Amino acid sequence: MEKATRFTLRVKITVVIFLVLFFLPIYTGLTDNGFYLDLVNRLMILAIAAASLNLILGHGGMISFGHAAYLGIGAYCVGIPAYYGVDNGPLQIFLAVAASGIFALITGAICLRTKGVYFIMITMAFTQMVFFGFVSVEEYGGDDGLVIDTRSNFGSFINIEDNINLYYFILISLIICLFLIHKITKSRFGLVIEGSRSNEQRMRSIGFDTYRYRLICYVIAGCICGYAGALLGNFTNFISPEMMDWAASGELIFMVILGGTGSLLGPVFGAAAFVILEEWLSSLTLYWHFIFGALLIMVVLFARGGISGIVTYLGNRKQ
Amino acid sequence: MFRKLMLLATAGMLAIGPAVAADKVKIGFVTTITTPAGVIGKDMVDAVNLAVKDIGGKMGGLEVDLIIEDDGFKPAIGKQKTDKLVKQNDVDFVAGFIWSHVLLASQKSALDAGKFLISSNAGPSQIAGKLCHKNFFSTSWQNDQTPMAMGQLLNQKGVKSLYIMAPNYAAGKDMSAGVERVFKGKIVGKDLTKWGKGAQLDFSAELAKAKASGAEGIFVFYPGKAGGAFIKQYAQAGLQGKIPLYSVFTVDSIALPKLQKAKMNGVMGSMMTQFWAPDLDNAQNKKFVSGFKKAYGRYPSFYAAQSYDTIFLIKSAVEAVNGNLSDVNGMRAAMKKANFPSVRGKFSYGNNHFPIQNFYSREVVSDADGVWTTAVRKVVLENHQDTYAKNCKM
Amino acid sequence: MTPILKITSLCKQFGGITATNNIDLNINEGEIHAVIGPNGAGKTTLISQLSGDLKADKGAILFQGDLITNMPSNKRSLLGIARTFQITSLMLDMSTLDNVALAVQAHSGHSYRFWQDARQDNQLIEPALYVLKQVGLLGRKDIITRELSHGEHRQLEIAMALATQPKLLLLDEPMAGMGGEETQKLIAIFKKLKTGKTMILIEHDMNAVFSLADQITVMVYGEIIATGSPKEIRANQKVKAAYLGDEELQTC
Amino acid sequence: MDWVLFVTQILNGLQLGVLLFLLASGLTLIFGIMDFVNLAHGSLYMIGAYFCGTFTDITDSFFYGIILAIPATAVVGVIVEIIIIRRLYSQDHLDHVLATFGLILCFDALVHFAWGPEGMAIPLPAILDGQIEILPDIVFPTFRLLIITTGLTLAIILYLVITRTRSGMLIRAGASNRTMIGALGIDIKTLFTLVFGAGAAMAGLAGMMISPITEASIGMGNDIIIVAFVVIIIGGIGSVKGAFIAAILVGFIDTMGRSFLDTFLKLLLSAESAETAAPALSAMLIYILMATILIFRPQGLFPPRGR
């Protein structure tokens with residue numbers, strides 16, 4: 001019974017969220033407030049990135065402190081071809097996903113040999129390397145970043161130069177990514193990942209080569225985040241190494257925790273809370289970082305399940 | 001599906017009709033308020049507020065609505081804030097911008113939306129050249145100009161060899177390119193140091209190299225707080241008196257009070273070049289400097305001077321069209337004339353909307369009250385136009 | 001008969017301490033081979049070396065004629081060696097059924113299957129339920145493992161080992177901390193399993209050892225001091241001196 | 001190669017190294033004993049610098065400034081430990097990372113509120129403000145020399161405390177085996193608080209030593225803390241000896257990269273690309289070093305025994 005009520009509350013919330021997201025452009029169109037559309041665009045892209053991080057962090061227990069690298073790699077895979085006048089959308093997306101996957105494969109193969117804090121720090125180290133790597137390539141703007149003049153071109157399929165089209169493109173991407181992640185976590189593969197988080201030694205002793213499964217999971221997460229990066233590049237029309245700063249990776253972790261680890265919609269809640277808080281608090285006071293930081297500590301101390309946990313709690317209480 | 005939704009949305013917008021007639025001039029001002037670089041932003045915001053006060057809060061009969069946004073020293077945030085100003089606040093002018101990379105990231109958002117973009121400091125070569133735009137104006141300079149003046153000054157002084165240090169970002173590279181273009185002697189060494197978030201502030205290794213190079217002069221560009229840090233280490237390393245310091249945008253009224261407090265006498269008499277100085281002799285500048293000192297109890301920096309000019313430039317545009325803000329062409333034409341009292345005196349705009357102006361040599365001196373400031377020495381470049389203007393198809 | 005497991009001069013040192021020293025042992029197919037000895041004799045180290053959780057410093061392990069000395073534990077599991085842990089080692093935040101189903105899954109081909117819902121997969125669920133029934137945990141299948149009792153944890157340990165359909169079962173004190181009734185239940189289970197499986201059993205409960213074991217090996221300070229049938233071991237003077245004089249045996 | 005330059009750069013590397021050691025030693029102990037990831041350690045470095053600046057202003061003496069600022073920073077450390085950190089020990093690393101990330105934001109905002117955004121210059125007394133000719137032709141800033149001697153002295157004191165005293169023994173025991181100190185019947189809570197306070201004081205001292213050179217500023221700790229983490233990871237978590245060796249190593253590599261990498265790269269690349277690639281590559285060097293070391297030694301150079 002308990003499970004059923006929780007399920008319906010969750011489904012209700014999910015349906016409401018996506019209905020709102022679906023009709024938002026009409027509202028912003030009517031009120032002539034394109035800024036909110038931008039805000040939600042950013043939110044949805046970050047939600048995809050956070051969801052991919054949740055796959056390894058929440059489900060797999062791999063605390064990557066360098067996930068922002070894939071956002072950057074994905075974005076540069078849009079920016080660099082665009083710089084040479086290549087705006088072929090499918091090609092750019094393919095590049096973004098492939099480059100992220102290869103990067104994840106190489107670094108993951110090394111990182112996953114370490115455990116605990118060593119893992120946290122080595123993932124961070126690799127991202128710092130990419131960060132400084134892009135800083136040093138002056139051709140693509142170095143520290144200053146690169147302006148993307150033209151967004152990805154998907155031919156007659158959809159023209160994302162238009163902000164509303166871009167919005168729906170991102171929304172559908174979000175839905176597809178969440179669905180994919182949902183499927184993966186429920187599959188045999190997903191169970192192996194979950195089991196490896198819970199007790200890796202036992203998983204090996206019953207016959208799983210956990211290292212390889214975790215590595216593949218790490219690569220999948222990287223690919224999805226690389227895709228989010230490609231969207232981000234298109235959305236901001238601008239990329240800079242700053243996107244891969246260690247604080248950016250920290251923010252992604254924050255979104256996952258704030259939303260609630262290991263739950264499907266958690267990262268969406270987390271990204272939404274993050275973007276909205278940032279926007280709202282910074283308009284409130286110059287010292288908004290203080291409130292933000294205090295909130296972060298509160299979440300860790302008092303709300304371990306994150307927003308998703310609160311929803312579950314409410315669902316249970318109602319019954 | 002999307003098309004339909006879009007149509008719906010546009011229909012909605014049309015139903016409401018064109019935006020209600022403006023009774024305010026909305027000016028968005030993007031600068032850095034948080035992070036250590038916030039000290040520059042503070043100077044700019046103070047100057048803009050002073051300017052708005054000095055014009056009685058009105059231009060062309062319209063009230064001035066000033067919206068300040070913090071870019072957090074990050075290009076991405078700067079762009080986001082520009083988007084917000086354009087889309088949410090629907091400003092008429094987007095101004096400010098300390099940093100070249102923030103301006104580069106943000107310019108498309110403002111210009112594509114048909115807004116005027118006025119840089120109160122940053123002058124990256126791209127925007128002076130191939131990215132120039134009819135709705136972009138600068139109240140400062142193109143990055144290369146000031147160091148070019150410095151190159152000229154070095155030639156005049158007969159300096160034979162030079163060591164260059166600058167941060168590794170757009171403006172830093174422009175600055176070093178500028179001085180290299182004009183300087184006739186030998187560049188014996190050059191260091192571009194880490195900038196942005198986590199900028200390098202300890203220059204021990206670089207200063208040791210400069211010392212070992214045996215250069216006759218050291219040229220630096222370290223804006224904001226890095227400037228103070230550099231000068232201190234320059235003195236601590238014992239270079240003062242051995243390798244004279246030539247700087248641009250480094251020793252300013254933000255760094256000087258701190259240097260004075262730290263008793264860094266070595267900076268006295270060091271040379272720099274600039275388009276403006278607090279003691280520049282014209283009515284508008286006297287009014288500005290004395291007003292600023294009265295209101296805030298300190299000398300204004302050049303950042304402040306440019307920001308002050310920004311408001312007067314906008315005022316000249318709004319007044320030319322009698323407050324009819326929909327007359328974009330009229331306002332543009334008015335701004336092109338540079339017909340406003342500038343703290344730098346009379347100047348004109350080039351085809352790329354960067355000022356064609358004089359550059360002076362300046363020296364660090366102590367004023368009548370014993371406060372350290374800078375004084376104009378002589379004109380180094382007269383009515384100088386930047387070299388990128390020819391790349392601008394406008 | 002060729003032994004299913006052949007151990008020759010196996011050694012393991014931790015720092016200066018010798019945990020296993022030149023172990024030579026043959027285990028025949030279908031037998032229950034008990035390893036007894038006082039605490040710290042190196043029994044768990046021996047099991048861990050056999051399962052691959054610890055690397056041997058020296059020596060060789062042959063399983064069904066294959067050299068497995070340097071094989072990682074997951075590969076040994078696929079060959080048919082399963083172990084239980086003395087200190088319960090389970091996926092504590094997953095359900096009982098998930099734990100067993102994972103063990104089944106590990107031995108039904110690769111797991112690079114990303115689409116089908118594994119919890120609805122009868123190829124995994126049915127064998128898992130069968131094993132749970134065998135050890136008597138069927139009624140607790142949906143409980144999160146963390147919330148099971150200690151005895152149930154022990155049962156689940158065995159269920160997971162069984163679910164991998166092992167040829168050789170390494171049991172590290174499976175009865176530790178269990179009540180008399182539960183112990184009897186387990187003894188019954190092992191007796192039933194005896195057909196077709198070889199087992200190495202570490203156990204302090206001497207009643208269980210002597211009622212189950214076909215062969216007994218006694219270890220003291222990392223070395224084997226005697227191997228033989230229960231009868232021989234009872235009669236062995238060395239064992240008596242070193243171990244059976246111990247009060248532990250008399251009280252149990 | 002110009003040997004005067006080379007020796008000077010070695011000294012510069014040493015100076016950066018001991019500074020990193022002051023930060024890293026506290027970090028590695030907190031990490032080793034309490035298993036606590038403290039990203040906010042850099043904030044104490046910043047607080048130390050600001051306290052020192054303020055006290056120097058009040059007393060008009062840099063020495064008094066330091067003497068007052070060290071205990072003040074330790075007190076801030078202890079208060080933070082008691083109010084927040086203590087509740088986090090039982091939680092996992094992820095929570096530590098997040099909560100201390102939050103602490104960083106709080107500290108930065110508080111400093112912004114209390115001291116304004118412009119940073120703080122700390123004047124040095126005249127005797128420290130000059131240069132000393134250490135060897136013929138090698139002239140080195142006096143104050144940087146003071147940093148080196150202070151750092152090395154502290155390293156020796158720390159070594160003696162850890163190897164020769166009872167509390168040092170407890171710290172060592174704790175770093176290699178956490179459950180053991182509990183078994184010894186020591187009041188763990190107090191020990192943790194004291195170690196945290198001592199770590200804070202050392203981080204604060206590092207901030208005080210650097211700020212007369214670079215000025216105290218908001219966020220000054222946020223980038224050096226990442227480098228300090230690299231140091232303790234390279235050295236092996238919990239090992240003070242490892243932290244020392246790694247700090248000096250990182251100091252040297254960073255300084256040498258900044259000094260000679262562009263010359264070296266010019267042999268391979270065009271002058272222009274060497275100029276822009278060198279600063280980024282030298283910034284990357286320490287991360288490359290860390291990754292390489294972790295590939296071969298996943299627990300760092302000197303993992304404390306028994307973990």
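Convention: sequence-line order gives letters A, B, ...; per-chain numbering from 1. No experiment lies behind these values; they were computed from the predicted model shown.
- Tested against A/F208, the residues C/S111, C/S73, C/S77 include a single side-chain contact (heavy atoms from CB on, under 4.5 Å) partner, C/S111.
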* To do: Assess whether side-chain contact (heavy atoms from CB on, under 4.5 Å) is satisfied between A/N199 and C/L92, documenting all intermediate values.
  => CA-CA 8 Å; A/N199 189 340; C/L92 287 177; over 6 Å; no
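- Under the 3.5 Å distance criterion, the side-chain polar atoms of A/S187 are left unmatched by any main-chain donor or acceptor of C/D117.
- Between C/W115 and A/K183 there is a side-chain heavy-atom pair separated by less than 4.5 Å.
- At a 4.5 Å heavy-atom cutoff, A/Y211 makes no contact with chain C through either its backbone or its side chain.
- Surrounding CZ of C/R113 are more than 12 heavy atoms belonging to other residues, nucleotides or ligands, all under 6.0 Å away.
- When each of C/Q116, C/M94, C/Q120 is checked for heavy-atom pairs under 4.5 Å with chain A, C/M94 comes out on top.
- Rounding to the nearest 0.5 Å places OG of C/S108 at 4.5 Å from CZ of A/R188.
- The aromatic rings of A/Y213 and C/Y112 lie parallel to each other, with less than 30° between the two planes, well short of the 60° mark.
- Side-chain polar atoms of C/N74 and A/S205 form no donor-acceptor pair below 3.5 angstrom.
- Heavy-atom distances place both the backbone and the side chain of A/E194 under 4.5 Å from chain C.
- Taking chain C as the reference chain and counting heavy-atom pairs below 4.5 Å, the highest number among A/T210, A/D209, A/L180, A/T185 is found for A/D209.
- When each of C/D121, C/I81, C/L79, C/N99 is scored by its heavy-atom pairs under 4.5 Å with chain A, the top score falls to C/D121.
- Residue C/Q123 places its CD atom among 12 or fewer non-hydrogen atoms of other residues, nucleotides or ligands, all under 6.0 Å distant.
- The environment of C/K133 atom NZ is sparse: at most 12 non-hydrogen atoms of other residues, nucleotides or ligands sit within 6.0 angstrom.
- The part of A/R197 that comes within reach of chain C is its side chain, from C-beta onward, which places non-hydrogen atoms under 4.5 angstrom from that chain.
- Of the two parts of C/T145, neither the backbone nor the side chain holds a non-hydrogen atom closer than 4.5 Å to a non-hydrogen atom of chain A.
- Interface remark: C/T164 contributes side-chain atoms only to the contact with chain A (heavy atom separation under 4.5 Å).
- The environment of CD in C/Q165 is sparse: at most 12 heavy-atom neighbours from other residues, nucleotides or ligands sit within 6.0 Å.
- For the pair A/R202 (side chain) and C/S89 (backbone), a donor-acceptor distance under 3.5 Å is present.
- Proximity to chain C involves both the backbone and the side chain of A/I184, based on heavy atoms less than 4.5 angstrom apart.
- Both the backbone and the side chain of C/A103 come within less than 4.5 Å of a heavy atom of chain A.
- Within 6.0 Å of atom NZ in C/K6, 12 or fewer heavy atoms from other residues, nucleotides or ligands are found, so the atom counts as exposed in its surroundings.
- At a 4.5 Å heavy-atom cutoff, the contact between C/Q105 and chain A is made by backbone and side-chain atoms alike.
- Taken from NE2 in C/H107 to CD1 in A/I206, the straight-line distance is 7.0 Å, to the nearest 0.5 Å.
- The 12-atom threshold is exceeded at NZ of C/K197, counting heavy atoms of other residues, nucleotides or ligands nearer than 6.0 Å.
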